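None of these values were measured; they are calculated from a predicted model. Sequence lines set the chain letters: A, B, ... in the order given, protein chains first and strands last, and positions in each chain run from 1. In what follows, every heavy atom counts, from backbone to side chain, and hydrogens, waters and symmetry copies are set aside.
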Protein chains: 2
Amino acid sequence: MSRYLALRRAMLPTTVVDLAEQVAAAGYKVTGPRLAVLRAIAACAESSFSVHELEQWVQARGESPGVASIFRTVRLLCTLNLVERIHGIEDCHRYCLTNERHGHHLMCTQCGALERFNNCGMQPAIRHLERQTGFQITAHLVGLFGLCPNCVRAGAPSLPGRT
Amino acid sequence: MSRYLALRRAMLPTTVVDLAEQVAAAGYKVTGPRLAVLRAIAACAESSFSVHELEQWVQARGESPGVASIFRTVRLLCTLNLVERIHGIEDCHRYCLTNERHGHHLMCTQCGALERFNNCGMQPAIRHLERQTGFQITAHLVGLFGLCPNCVRAGAPSLPGRT
DNA sequence: AGTCTTGTTGATATATACTATCATTCACGT
DNA sequence: ACGTGAATGATAGTATATATCAACAAGACT
Ligand SMILES: [Mn+2]
Ligand SMILES: [Mn+2]
Ligand SMILES: [Zn+2]
Ligand SMILES: [Zn+2]
């Protein structure tokens, strides 16, 4: 544990400390701007976030990191498998903290609220398609979209969708 | 059927004529630039395509349509449900001709080859998640990725993936 | 076939998402 | 405390996509 991180550890949420320690363990420096991005991410930890939303979060607090550093930090966290990119329908690139287990997401099209799930039930279909098509399937992308309970109650309009 | 389209119908692939007739039926004009985009799309009808790939296709043939008109045509076809946007893992926005039935896609990460399938097997998981989370799920996005038989034979490298 | 009308085009500018460059700064091991 | 190399911010650049608008042409009408 570096002196810099130790000094700040007491006043940081555990999510931020966890992320910072993994960044340090991978040999990367825990800098002020990076910590600010980690705090922004931790504030969104329960749902999903875009780079633009992180940018607004840090700017609203007068923090330093510029756009480039926010992108760099998100990319670093992705390569460290601490954050993963998830796909929306229209608003394409969003991010969330990586789940420990293999998983997919269920996202509110109105507010970005996120639930995760692991059992997509696609393995039989995948094996069938491999036999049928000759493809070697190495990845699958599953995203569910709809309205979270809060947005349902608020009467938010739902996107027309396929089921 | 307009005179302009009738004149050219004989020398056009059926896919292009089908698309052009639906464009006309919706009250839009069948112009030269639009026909060029339709021919480019028809050339990719069996797989997927990006706007950039369409651009290269028409430019390689010295056709007129500028980038703006290619984007406009693809967008028009999307609103007419003749073309749909599909999502990749990294290279995000690609397109393909719309399937008559509800469907998902299986795409080659190497060459863009596309297979479609309808039965993703997710309905039980979707119903379970609705009960469990209180979300109203209105859409689902399912994409499978891997190597097509040709690229497997050619020894193409596969993306590291989740299954 | 000629004319009219309105939808469409291409050039250009603009917007947004993201990356490359590079001089300056600062985290961290010593 | 110091030195070094990694990280930063400012800036410019690339890629994707859209807004504007004068010029054009598809299709309807005669
Ligand atoms: Mn799965
Ligand atoms: Mn389905
Ligand atoms: Zn919501
Ligand atoms: Zn292939």
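Between the side chain of R72(B) and the base of dG10(C), at least one donor-acceptor pair of N or O atoms lies under 3.5 Å.
Rounded to a whole Å, the NZ atom of K29(A) is 13 Å from the C1' atom of dT30(C). Rounded to an integer number of Å, the gap from NE2 of H52(A) to P of dC18(C) is 12 Å. In this entry the distance linking CD1 of I70(A) with C1' of dT16(C) reads 15 Å, nearest Å. Between the CD atom of Q56(A) and the C1' atom of dA17(C) there is a distance of 14 Å, given to the nearest Å. One atom, CZ of R94(B), and another, P of dT16(D), lie 11 Å apart when rounded to the nearest Å.
Between V51(B) and G32(B), the residue anchored nearer the 5' end of DNA chain D, judged by the nucleotide with its closest heavy atom, is V51(B). Summary of the strand contacts: V30(B) and A68(A) both lie near DNA chain D, and taking for each the nucleotide with the nearest heavy atom, the more 5' one is attributed to A68(A).
Of the listed nucleotides (dC28(C), dT8(D), dT18(D)), dT18(D) has the atom at the smallest distance from the side chain of F71(B). The side chain of Y28(A) lies closest to dA7(D) when the candidates are dT6(C), dT8(D), dA7(D). Listed nucleotides: dC18(C), dA26(D), dT9(C). Nearest to the side chain of R85(A): dC18(C). Ranking dT9(C), dT19(C), dG9(D) by closeness to the R75(A) side chain, first place goes to dT19(C).
Within 6.0 Å of atom CD in Q56(A), more than 12 heavy atoms from other residues, nucleotides or ligands are found, so the atom counts as buried in its surroundings.
Between T31(B) and dT9(C) there is a side-chain polar atom (N or O) within less than 4.0 angstrom of OP1 or OP2. Distances shorter than 4.0 Å separate none of the side-chain N or O atoms of S64(B) from OP1 or OP2 on dT9(C). Not one side-chain nitrogen or oxygen of S69(A) sits closer than 4.0 Å to the OP1 or OP2 atom of dA7(D).
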